[in-house]
Amino acid sequence: MLSNNPFTEEAIEVPSNNSEELLQSFNFQKENQKKWAETPLKERLSYIEKFSEELNKREEELAKILTKEMGKPFKESLNEIRGARSRIKFFLKNSEESLSPRDYSRPGLGEEIHFEPLGVIGNISAWNYPYLIGVNVFIPALICGNCVVYKPSEFTSLTGLEIQKIFNDVGLPPYAFQVAIGGKDVGELLLKLPLDGVFFTGSYKTGAFIHNQVSPKLIPVGLELGGKDPLYVTDDLDDISQVAEAACEGVFYNNGQSCCSVERIYVHEKVYKEFLEKFKKSAEGLKTGDPMGPETTQGPLTRKDHVSYLEGQVQDALSKGAEVVFRGEAPPKKGYFFPPTVLKNVNHKMEIMKEESFGPIIGIQCVSNDEEAIQLMNDTSYGLTSSVFSKDERRGRDILSQINSGTGYLNCCDRVSPYLPWSGRKNSGLGSTLSFLGIQAFCQPKAYHIKST
Ligand code: NAD
């Protein structure tokens, strides 16, 4: 299978798995899953701990591989691996409590809830944060006693193979975790296997297809999908520079290729002009170039075809009256670069305010009051995150409570905490990862009614 280094455009060749290999591997996992489930929890946790230690030891080498195949700046690749380790720490610390049986017994009648693993689960994943979104699924799934077949995106196959290698090196039994390499076709083959659960991270289009394919099997399906995440700047803030800086980071980090990137900004008319100036100033600090360069904040995009997709959104907006506030210079050499682009005078007739961009472009729209902001923030088919900046906590909470998204941010954006559920509403997904909910998601409850004779 071929993908490309998005900076040098050199081919990266990784052979895909065929259907026979997938079936063989699945049968091996299925035959041994009970053995894994019966392995004491402490022992299962110790493999995960060793996995995390290896991530730490190999972080430089792993970060280089990730940057090579996906194009994010090397320092952000390192950040991602470190972030994944802190999520693993959360799972190591909190799984035992989340999985311990609940006992509601009273004299003469035992009533208990036990958490049992699902079996062999499939994890079909995306390329934008392969470590972070990977560990959200395969770590708690393994801890719960499931075996996992993990399909990394075709754009991060090398990282997927490294993850498999680390699990092998720390002695995890091979039936517990198997990687499946390939693209859409391999994903579709996996869906044909009699899996006991499917957990997917990726686009709405693929998520809806997977949901459709899997629904007759009546097995648990988790979907972490796209977003069109809004950020609203109210008129009561003392320091607009700080807000502009935070918003700029939320838009451009990972080249905007995050499910929770800020995708549209609304600004109260009283501070609109000032915000545009400050935002432009922050955007001028972005450095596009070689992702291995220490100063680089913007590497190339991961996918070549996304360059023309983003240009399409920009041209659509300009043709409908938007104006450019800022456009970075694209380096004149090879690579799938797109210049960071900031537009003003945008509205909801433009694709840039309605369709997921997943790139370094942003529209900033002026609003006259909170009601208008709330109406526009909700005018989307997505519902992942929403952000409000206000120094009045009550006002901020009140606005957030009226937005239909799984996450609300007050005076921050584009962040994930392992303590809190990560869940999308509407076309942004189904179910939760992270938090105790994202541990129990990989289990099926069993109710015991125990009467003494
Ligand atoms: P994608 O849907 O193109 O691909 C995701 C995975 O699905 C890949 O492994 C791909 O090979 C596989 N796949 C594609 N077609 C398939 C099919 N017909 N059957 C089975 N598998 C198939 O998404 P992507 O480009 O990898 O990721 C970008 C998207 O992911 C964005 O929309 C982004 O917002 C979303 N995302 C969401 C979250 C979240 O937590 N909500 C996190 C990261 C990314």
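Note that the structure is a prediction, hence the values are computed from the model and not measured. Heavy atoms only: backbone and side chains are in, while hydrogens, waters and symmetry mates are out. When a ligand or atom number is given, it counts from 1 through the structure's own listing order.
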Asks: Describe, in one word, how the ring planes of F51 and F138 are oriented to each other, choosing from parallel (under 30°), tilted (30 to 60°) and perpendicular (over 60°).
Replies: perpendicular
Asks: If the contact criterion is a heavy-atom separation under 4.0 Å, does R303 count as touching ligand 1?
Replies: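 Heavy atoms of R303 do come under 4.0 Å of ligand 1.
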Asks: Work out whether the distance between some heavy atom of G429 and some atom of ligand 1 is less than 4.0 Å.
Replies: no
Asks: Work out whether the distance between some heavy atom of F200 and some atom of ligand 1 is less than 4.0 Å.
Replies: yes
Asks: What are the atoms of ligand 1, with element, lying closer than 4.0 Å to any heavy atom of W422?
Replies: 39 (C), 40 (O), 41 (N)
Asks: Of all the atoms in ligand 1, which lie at a distance below 4.0 Å from a heavy atom belonging to T201?
Replies: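 Contacts of ligand 1 toward T201, numbered from 1: 5 (C), 37 (C), 38 (C), 42 (C), 43 (C), 44 (C).
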Asks: Backbone, side chain, both or neither: what part of S125 comes under 4.0 angstrom of ligand 1, heavy atoms only?
Replies: backbone
Asks: For ligand 1, is there an N or O atom under 3.5 Å from any N or O atom of Y204?
Replies: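 N/O-N/O distance below 3.5 Å does not exist for this pair.
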Asks: Check whether E154 reaches the backbone of S3 with its side chain - one donor and one acceptor, N or O, closer than 3.5 Å.
Replies: no
Asks: When you compare ligand 1 with W127, is there at least one nitrogen or oxygen pair between them that comes in under 3.5 angstrom?
Replies: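 So ligand 1 has an N or O lying under 3.5 Å from an N or O of W127.
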Asks: Looking at N128, which atoms of ligand 1 are within less than 4.0 Å of one of its heavy atoms?
Replies: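 Close to N128: 43 (C), 44 (C).
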Asks: With a 4.0 Å heavy-atom cut-off (strictly under), which part of F209 contacts ligand 1: side chain, backbone, both or neither?
Replies: side chain
Asks: Counting from 1, what ligand 1 atoms have a heavy atom of A126 closer than 4.0 Å?
Replies: 26 (O), 27 (O)
Asks: Parallel, tilted or perpendicular: which describes the rings of F337 and F7, with under 30° parallel and over 60° perpendicular?
Replies: perpendicular
Asks: Compare every heavy atom of P73 with every heavy atom of T297, then report the nearest pair and how far apart it is.
Replies: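 The pair with the smallest heavy-atom distance is O-CG, 3.5 Å.
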Asks: Among all protein heavy atoms, pick out the one at the shortest distance from atom 37 (C) of ligand 1; state its residue, atom name and that distance to 0.1 Å.
Replies: L225 O, 3.0 Å
Asks: Indicate whether any N or O donor in one side chain lies under 3.5 Å from an N or O acceptor in the other, for T201 and S125.
Replies: no
Asks: Looking only at heavy atoms, what is the nearest atom pair of Q298 and N255, with distance?
Replies: NE2-OD1, 3.0 Å
Asks: Can a salt bridge be assigned to the pair R58 and E54 using a cut-off of 4.0 Å between side-chain N and carboxylate O?
Replies: yes
Asks: Against heavy atoms of E188, which atoms of ligand 1 measure under 4.0 Å?
Replies: 17 (C), 18 (N), 19 (N), 20 (C)
Asks: Mark up the atoms of ligand 1 that fall under 4.0 Å of a heavy atom belonging to G183, in ascending order.
Replies: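 Those qualifying, in numeric order: 11 (O).
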Asks: Please determine if K151 has a nitrogen or oxygen closer than 3.5 Å to a nitrogen or oxygen of ligand 1.
Replies: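 Between K151 and ligand 1, an N or O pair is found under 3.5 Å apart.
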Asks: Checking contacts here: is it the side chain or the backbone of E356 that comes within 4.0 Å of ligand 1, counting heavy atoms only? Could be both or neither.
Replies: side chain
Asks: Decide yes or no for V342 and V324: does some side-chain heavy atom of the first lie under 4.5 Å from some side-chain heavy atom of the second?
Replies: no
Asks: Hey, does S153 sit under 4.0 Å from ligand 1 if you only count heavy atoms?
Replies: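 It does, in that a heavy atom of S153 comes within the 4.0 Å cut-off of ligand 1.
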Asks: May I have the step-by-step check of salt bridge (charged side-chain N to carboxylate O under 4.0 Å, His left out) for R397 and E393, ending in yes or no?
Replies: CA-CA 6 Å; R397 281 183 181 271; E393 185 173 334; 2.8 Å; yes
Asks: Heavy atoms only: which of G207, C260, G202 is nearest to atom 30 (O) of ligand 1?
Replies: G202
Asks: Is it true that Y232 and Y266 have ring centroids separated by less than 6.0 Å?
Replies: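 No.
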Asks: For M377 versus R264, what's the shortest heavy-atom pair and its separation?
Replies: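 Heavy-atom minimum between the residues: O-NH2, 2.9 Å.
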Asks: Below 4.0 angstrom, N of the basic side chain to O of the carboxylate: do K228 and E355 qualify?
Replies: no
Asks: What residue and atom, counting heavy atoms only, is the protein's closest point to atom 22 (C) of ligand 1, and at what distance?
Replies: T206 CG2, 3.5 Å
Asks: Answer with side chain, backbone, both or neither: which part of F358 has a heavy atom less than 4.0 angstrom from an atom of ligand 1?
Replies: side chain
Asks: To the nearest 0.1 Å, how far is atom 12 (C) of ligand 1 from its closest protein heavy atom, and which atom is that?
Replies: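 Checked against all protein heavy atoms, atom 12 (C) of ligand 1 sits closest to I124 CG2, 3.7 Å.
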